[in-house]
There are 2 protein chains.
Amino acid sequence: MAPKAYYSIHPKFHVSVDCIIFGFEDGELSLLLLKRNFEPARGQWSLMGGFVEEGESTDAAARRVVAELTGLNDLYMSQVHTYGAPDRDPGERVVSVAYYALVDIKKYNRELVDAHNAFWVNLPEVPPLIFDHGTMVEDALRFMRYQASVKPVGINLLPEEFTLTQLQTLYEAIFGQSMDKRNFRKRIASMDYIEKTGRVDKTMSRRGAALYRFNPDKYHEQSIFKI
Amino acid sequence: MAPKAYYSIHPKFHVSVDCIIFGFEDGELSLLLLKRNFEPARGQWSLMGGFVEEGESTDAAARRVVAELTGLNDLYMSQVHTYGAPDRDPGERVVSVAYYALVDIKKYNRELVDAHNAFWVNLPEVPPLIFDHGTMVEDALRFMRYQASVKPVGINLLPEEFTLTQLQTLYEAIFGQSMDKRNFRKRIASMDYIEKTGRVDKTMSRRGAALYRFNPDKYHEQSIFKI
DNA sequence: ATTTTAAAGTGTAAAAACAACACTTTAAAC
DNA sequence: GTTTAAAGTGTTGTTTTTACACTTTAAAAT
């Protein structure tokens, strides 16, 4: 057995999660940020966060915290990095684990967001954030871009059914560069896990655009590394 | 100011670091593992780890822990992931941040390693490890491979000066696949930050092989993502 | 009924990157 | 001077990526 002293001679710290919540609307990525009407750092902008509770995993804490703010329970989420500088929170020592989440911006619970005094802010207009939250956003964006470059996580920012124009606009926003329509569609056509639903979206054009969906059964992750 | 209760109503946990220490010898990657002659889990295999102390960042704790075992202070290290399941350590709740380190296996301090009852184990022969350390190793290997595929971190596993044959053998070990000698050398030749030193290594062949080194001044990270 | 409009949809050719492939050179050891 | 074993070196075919502009469609306006 482990001697009690093995653990007890060492300090304990608060552990928190901070969530970088991405949305997509009108061709732009945005973040859900709190304008804090509570302490500490009242009046400043921050990420949504919370403390990890007894018996709760850090992953579960991140899901709880995002659900408290958005009302959404089954989001795509991924751990980004852990921030462990002793003075990162000026109040007390808090080790914080950052997660990013991808939200279909049509679906979040507006009342909850308003109640938290939270706002969707377009990425280029993100204000200075408290503590190391600005660094967290940079790291999360880099990591989300990486993941979006190797697997179709970006689709979690769109409705279940989406047009190819929507999809292209999304990827242009994620990678910050415009893409050739024909080349983009050729690439999508080669992905059998993105399939036509047969339905047509008429909201964006008179002609109508074919709706597609992601088929998870046809998607098999592949990881091939090269130097 | 932050009300005291803001923090104090929340629990605190032990925070530890666990280190996946990679070495390279005889064409194989290996890990430095402890055969634990101490509690908890005496007699089992584990990663080198330790608790984060007051006033110490998690990064600093990881460096300290690796230095305690190897005597080496300036290793390439990178945070991998944080493991926060409430029952991951059967003794008490411990949130653990994993880091990987790359060691030039010629340089570590043998006395320290022996004193810790630690051994270099070739990757395919890694035994079952305690707690979630096996998962940590898988995650670290995947992440190290990814990093090695986008930047020349692998070079930290070699001496300052190395031959192209050594470098190719290293990458073959990292990616688990053999590579064409001419294509490999063409790629290296296109990397101006890997430069000939003018010296020759005579230990591996009568003819001698040119020695190369990494020139950090010529290396500029580039990150371009594509879908 | 015809014309206008605005987004959806479509193919080809050049360039670049990657993959496959085998012999020559060198210097020490015998 | 012959042998040995690793170091070193180019070309060609294939695949992938990029650049580029017009046609189709269906509703709205006339």
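Per chain, numbering begins at 1; letters A, B, ... match sequence-line order. Source: prediction; values computed, not measured.
- In this structure, B:Tyr193 and B:Phe214 have perpendicular ring planes: the angle between them is above 60°, well past the 30° mark.
- Nearest approach of B:Ala67 to B:Asn73, heavy atoms of both residues: CB-OD1, 3.5 Å.
- Between the P atom of D:dA7 and the CE atom of B:Met204 lies a distance of 9 Å, rounded to the nearest Å.
- Distance from the side chain of A:Arg207 is smallest for D:dT25 among the nucleotides C:dT10, D:dT25, D:dA19.
- Side-chain nitrogen and oxygen atoms of B:Arg182 include none within less than 4.0 Å of the OP1 or OP2 phosphate oxygen of D:dG8.
- Within 3.5 Å, a donor on the side chain of B:Lys186 pairs with an acceptor on the base of D:dT11, or the reverse.
- In terms of phosphate contacts, A:Thr165 brings a side-chain nitrogen or oxygen within less than 4.0 Å of OP1 or OP2 of C:dA8.
- An OP1 or OP2 oxygen of D:dA27 is reached within less than 4.0 angstrom by a side-chain nitrogen or oxygen of A:Lys202.
- Distances from the side chain of A:Lys181 to the nucleotides C:dG11, C:dT10, C:dA22 place C:dT10 closest.
- Taking atom CG of residue A:Asp180 and atom C1' of nucleotide D:dC22, one finds them 13 Å apart after rounding to whole Å.
- Among the nucleotides D:dC20, C:dG9, C:dA20, the one closest to any side-chain atom of A:Arg185 is C:dG9.
- Per the geometry, CD belonging to B:Gln177 stands 9 Å off P belonging to C:dA19, to the nearest Å.
- For the pair A:Asp132 and A:Arg88, the salt-bridge criterion is met [side-chain N within less than 4.0 Å of a carboxylate O].
- Taking atom CD1 on A:Ile188 and atom P on C:dT10, their separation rounds to 14 Å, with Å as the unit.
- A ring-centre distance under 6.0 Å is not found for B:Tyr83 and B:Phe131.
- Atoms CG (A:Leu167) and C1' (C:dA7) sit 17 Å apart, rounded to a whole Å.
- In this structure, the CG atom of A:Asn183 is 16 Å from the P atom of C:dA15, given to the nearest Å.
- Candidate nucleotides C:dG9, C:dT12, D:dG8 were compared by shortest atom distance to the side chain of B:Ala209, and D:dG8 ranks first.
- Here D:dG8 presents its P atom at 7 Å from NZ of B:Lys196, a figure rounded to the nearest Å.
- Heavy-atom nearest nucleotides on DNA chain C were determined for A:Ala210 and for B:Arg206, and the one closer to the 5' end corresponds to A:Ala210.
- Summarising the geometry, the separation between CG on B:Leu211 and P on D:dA7 is reported as 11 Å, rounded to the nearest angstrom.
- Ring geometry for B:Phe22 versus B:Tyr100: interplanar angle over 60°, hence perpendicular rather than tilted (30 to 60°).
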